[in-house]
Enquirer: 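My questions will all concern the structure given below.
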Amino acid sequence: MKPICDILEQRVSTAMAEITADDSVLAAVVKPSQNPQFGDYQANGVMGLAKRLKANPRELAEKVVAKLDVADMCEPPEVAGPGFINFRLRADWLAARLLEAANDDRLGITPVAGPKTVVDFSGPNIAKQMHVGHLRSTIIGDVIARVLEFWYGNPNNVIRQNHIGDWGLQMGMLLAIEEELEKNKENLIRALKEDDSDYVEFVPLEKIEEAYKQANKRFNEDPEFAARARNLTYKLQSTKAGWAYTEWFGLRHLTLSECQRIYERMNVILRPENVRGESFYNDKLPDVIKALQENPNVDCHESDGAQCVFLEGFKNKDGESLPMIVQKSDGAYLYATTDLAAIRYRIDELHAKRVIYVTDLRQKLHFQMLFACVRQAGWAGEDVTLDHVPFGTVLGEDNKPFKTRSGENVKLKDLLDEAVTRARKVVEEKNPDLSDEEKQQVAQAVGIGAVKYADLSNDLVKDYVFSWDRMLSLEGNTAPYLQYAFARIRSIFRKGEVDEAKLLSDVKYLALTEPDELALAKRLLRYGEVVETVARDLRPHVLTTYLFELSQAFSGFYTNCPVLQAPPEVRPTRLMLCLLTARTISHGLGLLGIQTPQRL
RNA sequence: GUCCCCGUGGCGCAAUUGGAUAGCGCGUUGGCCUCCGGAGCCAAAGGUUACAGGUUCGAAUCCUGUCGGGGACGCCA
């Protein structure tokens, strides 16, 4: 079934087309009503049309209503205010749709064919532990991929790409340190291999990260070291046969294994085969420069020793044309170059028709220039959509970027540990009778869920303050609240010893009469249009808001409508409402990468 | 200096991107429930949507300016 909004949109615009000769686009602009007194849905488009036709909007609306065929699903529509058309859904139609949803794995949501889409997210760096700086991109990117996979009904249509930082000077610096250590047989990377043939099992990334910081310092203070680092960078990039490449490969493998563990703990779907790091594009970079220089539509030339692309409409602080540097004066390439190579690869090799970048909003200008450049170069045609999904900063209680007391970036590993520890206390309090193992599983789901939900539940472009107390609260718009709601519904089925398969096959109609039943039913049926909105606008908080409102609607229903003690003629209907609510919460949280334990 | 983003009851956030009387949670006040794990429920108080203009049937949303906060702006990503 299509979302109700879309069904009505189509019906109303058809009616609008019948009463006007104007064949330009006729948008009915159907939206859910904010206020129940105006019905369930409203069409706002007639007022816009009236303006174009210089007609009286109310009269026009009456004409549209006369042509409108919605008797199967709605009470007779009403014209109200300056020209709104209000719709109230019929209880029997709602009931039929709910049964349809209940008997469908996709909750009655029809997949919509979409473009082949690349989602670029996470992007950690080699030799560094993942930290809060990677939190949002990783969480949000995964959600976007999950939502599009579901909405398109075809997981193969969505390609996750992890554009890791695994190349460049910082690698040379680290290799320079390693070179010194090896002289003293104290080597950093190889020591791990000797300890264990599968060095993945031992990952003192902390040690490597320390060496990395040391290398940065040395690089700035010691010219001999700096020269050696540059030389090793060159060696690394010029041949796969040498020591430098081998060491680099071990380092990379080690870091990625650690990342993989983090992704799995976070319930984020991102696998080794999704990794296309900077190194992957290395041999494609010279051709990027060449292609830009030879492209008659692109102004790419040398400036102050660097190769730059100059794009119209971009100015620097002196009001001069702002260059996008694609090759430094020393011949090295930059992230703009790799991003250009990546975008070509995604369009030409992966056949992407839509590319989505999930990064913090400080990179906005970079992506504007990048997109402008590939458009101008003709590498991305009109059939390709390029999106940057920018997000704000995670702040500490002091309203400054979230750091440890000593001013370091908070490691994701530590953050996840603390989330689970704190969630364990909540579980301990709520349900002390669970087995130790189950408590730990639940704590995992609740803790990680809380962190993710807090990140997703407000507008992406805004900063938010990281607060354990708020995100782990069982009250308000949080993951634990929804997980608890789910667990409570599951407990109804346990207590009533309900055979769900039998319920589904037995129930042939739903008797929706109570206002709370109807309100819940209508809320349940809006799930499809919510998923559609998230897929279209890439705004996950629309989904969190919906799930919270759904739970509130359920609360009202549950308070006023007994389920297990209900008389036999209404009990199946109410059980079905419970079942669908639980499934919708679970499915929605699933799209957010959050698990729903049966008990909490 | 230029550009971008943000500003909504005491606090935290929404408002389906121009729709009707700006909603929700926390907190506050008063009431309700001998009931499926209170995730309670109902009611009340609390708003000039930072400010000033403008656009139109209609503005938190669009335009102009001001104030406040954050960010970006040539060899980092």
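So you know, we letter chains A, B, ... as the sequences are listed, proteins then strands, and number each from 1.
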Enquirer: Can you give me the N/O atom pairs linking the protein to nucleotides 40-48 of chain B at distances under 3.5 Å, or say none if there are none?
Expert:
{"residue": "B:G40", "atom": "O2'", "partner": "A:T559", "partner atom": "OG1", "Å": "3.3"}

Enquirer: Does the structure place the NZ or CZ of A:K284 under 6.0 Å from the centre of the six-membered ring of A:F280, at an angle of no more than 45° from the ring's axis?
Expert: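 Pair A:K284/A:F280 counts as cation-pi.
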Enquirer: Can you tell me, in whole Å, how much space there is between the C1' of B:G9 and that of B:G27?
Expert: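 Looking at atom C1' only, B:G9 and B:G27 are 12 Å apart.
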Enquirer: Could you please name the option among B:G37, B:U16, B:C75 that lies closest to any side-chain atom of A:R494?
Expert: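 The listed nucleotide nearest to A:R494's side chain is B:G37.
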Enquirer: With no angle test and no hydrogens, is the base of B:U16 tied to the side chain of A:E529 by a donor-acceptor pair under 3.5 Å?
Expert: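 No.
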Enquirer: Between protein and nucleotides 57-65 of chain B, what N or O pairs are separated by less than 3.5 Å?
Expert:
none

Enquirer: Tell me whether the side-chain N or O atoms of A:N86 pair up with the base of B:A20 as donor and acceptor below 3.5 Å, since no angle test is needed here.
Expert: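 Check passes, donor-acceptor contact within cut-off.
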Enquirer: Report the stems of RNA chain B as range-with-range entries sorted by first number; a stem here is at least three consecutive pairs, Watson-Crick or G-U wobble, both distances under 3.5 Å, and write none if there are none.
Expert: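 RNA chain B forms these stems: B:1-7 with B:67-73, B:10-13 with B:23-26, B:28-32 with B:40-44, B:50-54 with B:62-66.
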Enquirer: Atom pairs, N/O to N/O, protein against nucleotides 49-51 of chain B, distance under 3.5 Å?
Expert:
none

Enquirer: Anything under 3.5 Å between a donor and an acceptor, one on a side chain of residues 567-583 of chain A, the other on a protein residue two or more places apart or in another chain? List them.
Expert:
{"residue": "A:R571", "atom": "NH1", "partner": "A:L564", "partner atom": "O", "Å": "3.0"}
{"residue": "A:T573", "atom": "OG1", "partner": "A:A511", "partner atom": "N", "Å": "2.9"}
{"residue": "A:R574", "atom": "NE", "partner": "A:E517", "partner atom": "OE2", "Å": "2.8"}
{"residue": "A:R574", "atom": "NH1", "partner": "A:P562", "partner atom": "O", "Å": "2.9"}
{"residue": "A:R574", "atom": "NH2", "partner": "A:E517", "partner atom": "OE2", "Å": "3.3"}
{"residue": "A:T581", "atom": "OG1", "partner": "A:L577", "partner atom": "O", "Å": "2.7"}
{"residue": "A:R583", "atom": "NH1", "partner": "A:A102", "partner atom": "O", "Å": "2.8"}
{"residue": "A:R583", "atom": "NH2", "partner": "A:D104", "partner atom": "O", "Å": "2.7"}

Enquirer: Could you list by number each residue of residues 451-467 of chain A showing a heavy-atom separation from RNA chain B of less than 4.0 Å, or answer none if no residue does?
Expert: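 The stretch gives A:N458, A:D459, A:K462 as the residues lying under 4.0 Å from the strand, ordered by number.
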Enquirer: On a plain distance test, is the side chain of A:R536 in donor-acceptor contact with the base of B:U16 below 3.5 Å?
Expert: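 Answer is no: no donor-acceptor pair is held.
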